[in-house]
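Beneath this line is the structure, given in structure tokens, with notes to follow.
Naming convention: chains lettered A, B, ... in sequence-line order (proteins, then strands); numbering from 1 in each chain. Note that the coordinates shown come from a computational prediction; the quantities given were computed from them, not determined experimentally. Note: hydrogens, waters and symmetry copies are ignored here, and every other heavy atom, side chains too, is used.
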Amino acid sequence: MRLFNTLSGEVDELVPSDGKELRMYACGPTVYDYGHIGNFRTFLEIDVLRRFLKLTGVQLRHVMNITDVDDKIIRNSSAAGISIGDYTKKYVEAFFEDLDALGVQRPEIIARATENIDRMVELIEKLKEAGAAYKTEDGSWYFKLKAFPEYGKLSKKDLSGMEDGARVDVDEYEKDSARDFALWKAPKPGETAWDTVIGRGRPGWHIECSAMSMKYLGDSFDLHAGGEDLMFPHHENEIAQSESVTHQPLARHWMHVRFLLVDGKKMSKSEGNFYTLRDLLLKGYKASAIRLALISVPYRHQLNFTFDGLVDATAAIDRLRTFNGRLTKGKFEAGENPEVQAAVKKSHQDYMAALANDLNTAEARAPIFDLVRLSNTAMDQGKFFEADREAVKRVLADFDAVFAVIEDRDAEPMRKAVEWAKQEGREADVAPELLAQVSLTDDAINALLAERDQAKRRRDFGRADAIRKELTEKGIVIEDSKDGVRWKRK
RNA sequence: GCGCCGGUGGCGAAGUGGCUAACGCACAGGUCUGCAAAACCUGCACUCGCGGGUUCGAUUCCCGCCCGGCGCUCCA
């Protein structure tokens with residue numbers, strides 16, 4: 001496939017350098033709070049990439065780090081009077097629960113910063129040997145930017161004109177140069193710290209990714225991915241740290257996911273447009289709708305997240321799921337319709353080609369919806385057969401292998417979110433319809449539908465419609481068809 | 001200020017130097033239905049921010065302008 005490469009500034013072919021396994025590293029979360037939808041856009045787009053690569057038969061070795069030690073974590077945990085491990089545990093668990101809700105697949109390897117301190121220390125020692133690291137009087141270590149002339153090659157920044165001392169942070173007066181960044185931070189009194197051969201302290205933010213990518217993927221690997229904000233300085237610093245030691249490109253290919261806006265503005269708590277995944281689930285939006293809304297705009301474009309967009313995505317998913325139900329449960333005669341078969345072939349080709357072209361998810365959706373319409377028409381006309389069903393099913397399977405929204409896995413995240421809200425004392429934030437829906441069991445729904453069926457048989461449409469209305473108000477949609485009544489949770 | 005990205009129907013959004021400018025949502029009319037829902041059909045941008053240029057021809061290339069967003073500090 002072809003994927004934009006930040007390093008080259010062009011759309012390059014993405015292939016495993018060893019011809020077998022694609023080795024990739026993607027920056028994971030800093031677990032100091034619940035993840036917000038901006039975080040998840042990045043993880044979702046990376047998930048789309050991984051799912052598409054797997055669909056095309058590429059083997060993956062995908063590493064994601066979890067930053068479980070940093071300034072915010074230390075500050076928040078000490079404020080709470082607990083260890084950083086106890087503090088982060090909750091957010092790590094929440095993070096994975098959220099990924100599950102959104103259908104984000106697990107990377108092959110998950111690497112935690114606190115479990116790799118020794119690797120980071122080793123790397124800092126090597127940097128020292130290479131003349132790229134120095135220790136200051138307080139016991140901190142810094143990377144010496146002057147030792148890495150290529151600095152800025154990823155973000156295309158020319159820092160040569162930056163004057164030393166122009167904007168020196170008063171706390172960091174010991175650094176040789178204002179732009180030098182921390183590899184290792186000496187602890188302030190009472191702070192979490194590790195005793196190591198390079199002194200007592202904790203790692204700087206950037207060093208973990210260099211150390212862990214090297215550990216799991218080697219000195220040079222295929223792809224490094226993350227949010228656009230990480231390009232500078234985080235990724236630039238990773239490159240400096242790694243390449244100063246290995247003298248090889250850290251990664252050949254770099255992918256950066258664009259930020260999302262919410263209601264046209266950058267998401268921020270002060271703007272009041274800041275949403276965690278849980279906030280949205282409690283409002284009654286389906287995890288699948290959130291997933292589709294966040295991946296339907298190609299990763300390199302700014303995405304404006306709105307509630308209207310979520311409603312839109314919900315409707316689109318409904319259409320796909322309704323069709324899928326018709327396809328699965330319908331009865332078709334043996335045989336095939338050449339027109340359907342031809343459309344299947346074209347649809348699949350166009351779908352794969354769109355994704356192979358820098359993950360154009362917006363374009364990839366189109367042929368799928370085209371096929372849905374064409375198939376529905378054929379079914380309406382009685383010109384859809386058993387072999388058509390099988391062929392169309394295969395296309396939908398490949399669609400769902402990447403988009404992962406047709407198969408309905410929405411009930412579990414809903415239920416968990418409501419449970420969580422109760423535990424956290426946030427029950428007031430749960431949308432009333434959601435509470436009603438969660439409390440309504442399948443058995444209760446089926447009982448009401450049976451009663452409605454009885455009413456309809458005796459042509460008591462008043463009673464039948466009353467039941468339908470009651471269910472509708474609780475978010476249950478009813479569809480009568482020749483094959484009986486169908487219902488779904490809206 | 002410097003750098004970067006975008007401005008396509010009511011909304012989201014794809015795309016191309018010249019076929020009827022995808023697709024989704026919404027809306028309107030129709031078919032079907034006890035009524036709905038679902039599904040289908042039809043309609044919905046003579047036009048792609050504005051001005052100029054290149055060209056036989058530009059929404060697509062170039063220049064200028066306006067508007068929106070982002071980065072240059074922690075941040076997915």
Next on the checklist: Rounding to an integer number of Å, can you tell me how far A/E236 CD sits from B/rC72 C1'?
Outcome noted: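 Interatomic distance, CD of A/E236 to C1' of B/rC72: 13 Å.
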Checklist entry - What's the CG-C1' distance between A/D33 and B/rC75, to the nearest Å? => result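 Taking CG of A/D33 and C1' of B/rC75, I get 13 Å after rounding.
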Checklist entry - In what stems does RNA chain B take part, counting only runs of at least 3 consecutive Watson-Crick or G-U pairs whose two distances fall under 3.5 Å? => result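 RNA chain B forms these stems: B:1-7 with B:66-72, B:10-12 with B:23-25, B:27-31 with B:39-43, B:49-53 with B:61-65.
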Checklist entry - Among A/M352, A/K346, A/K345, whose side-chain contact (heavy atoms from CB on, under 4.5 Å) with A/H348 holds? => result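 Of all the options given, the one that passes is A/M352.
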Taking the [atom1] atom in each of [N] and [M], what is the distance between them to the nearest angstrom?
N: B/rG49; M: B/rG43; atom1: P; value: 25 Å
N: B/rA14; M: B/rC23; atom1: C1'; value: 7 Å
N: B/rC4; M: B/rC27; atom1: P; value: 43 Å
N: B/rG6; M: B/rC63; atom1: P; value: 14 Å

Backbone N or O of [Y] within a donor-acceptor pair of the [X] side chain at under 3.5 Å?
X: A/S296; Y: A/A362; value: no
X: A/R278; Y: A/A94; value: yes
X: A/N360; Y: A/L355; value: no

Sequence neighbours left out, what passes salt bridge (charged side-chain N to carboxylate O under 4.0 Å, His left out) with [X]? Give chain and number order.
X: A/D47; answer: A/R51, A/R291
X: A/D308; answer: none
X: A/R394; answer: none
X: A/D263; answer: none

Next on the checklist: Please list, in numerical order, the residues of residues 377-391 of chain A that have a heavy atom closer than 4.0 Å to any atom of RNA chain B.
Outcome noted: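 Within residues 377-391 of chain A, the residues near RNA chain B are A/T377, A/D380.
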Checklist entry - Among residues 66-75 of chain A, which contact RNA chain B at a heavy-atom distance under 4.0 Å? => result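 Heavy-atom cutoff 4.0 Å gives A/K72.
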Give one of base, sugar-phosphate or nothing for [X], where a contact means two heavy atoms less than 4.0 Å apart.
X: A/L230; result: sugar-phosphate
X: A/G309; result: nothing
X: A/I37; result: nothing

Item to check | Upstream residue (5' side of RNA chain B) when A/G462 and A/S296 are each assigned their closest nucleotide | outcome: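 The answer here is A/S296.
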Next on the checklist: Pick the closest RNA chain B nucleotide for A/N357 and for A/G28 by heavy atoms, then say which residue is nearer the 5' end.
Outcome noted: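 Nearest-nucleotide comparison on RNA chain B picks A/N357.
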Checklist entry - Taking protein heavy atoms under 4.0 Å as touching, what does nucleotides 19-25 of chain B look like 5' to 3' if B marks base contact, S marks sugar-phosphate-only contact and - marks none? => result ---BSBS
With sequence neighbours excluded, what pairs up with [X] under the ring pair (Phe, Tyr, Trp, His ring centres under 6.0 Å) test?
X: A/Y32; value: none
X: A/F323; value: none
X: A/F40; value: none

State plainly whether the residues [X] and [Y] are in salt-bridge range, i.e. N to O under 4.0 Å.
X: A/D279; Y: A/K283; answer: no
X: A/D33; Y: A/K72; answer: no
X: A/E191; Y: A/R202; answer: yes

Item to check | Derivation of the side-chain hydrogen bond (donor to acceptor under 3.5 Å, both in side chains) call for A/T6 and A/H256 | outcome: CA-CA 7 Å; A/T6 310; A/H256 290 98; 2.7 Å; yes
Nearest to the side chain of [X] - [options]?
X: A/R468; options: B/rA39, B/rA36, B/rC70; result: B/rA36
X: A/N376; options: B/rA14, B/rG34, B/rC40; result: B/rC40
X: A/D480; options: B/rA37, B/rC72, B/rC35; result: B/rC35

Does OP1 or OP2 of [N] have a side-chain N or O of [X] closer than 4.0 Å?
X: A/K266; N: B/rG71; value: yes
X: A/R179; N: B/rC72; value: no
X: A/N304; N: B/rG69; value: no

Item to check | Nearest heavy-atom neighbours spanning A/F4 and A/H253 | outcome: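 So the minimum-distance heavy-atom pair works out to O-NE2, 3.6 Å.
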With the criterion being N/O to N/O and under 3.5 Å, what pairs connect the protein with nucleotides 4-9 of chain B, and how long is each?
| from | atom 1 | to | atom 2 | distance (Å) |
| --- | --- | --- | --- | --- |
| B/rC5 | O2' | A/R258 | NH1 | 3.2 |

Checklist entry - Which distance, rounded to the nearest 0.5 Å, do you find between the OG of A/S288 and the CD of A/E407? => result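 Rounded to the nearest 0.5 Å, the OG-CD separation comes out at 11.5 Å.
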Item to check | Stacking check A/F461 vs B/rG34 (5.5 Å / 30 deg) | outcome: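 Yes, aromatic ring over the base.
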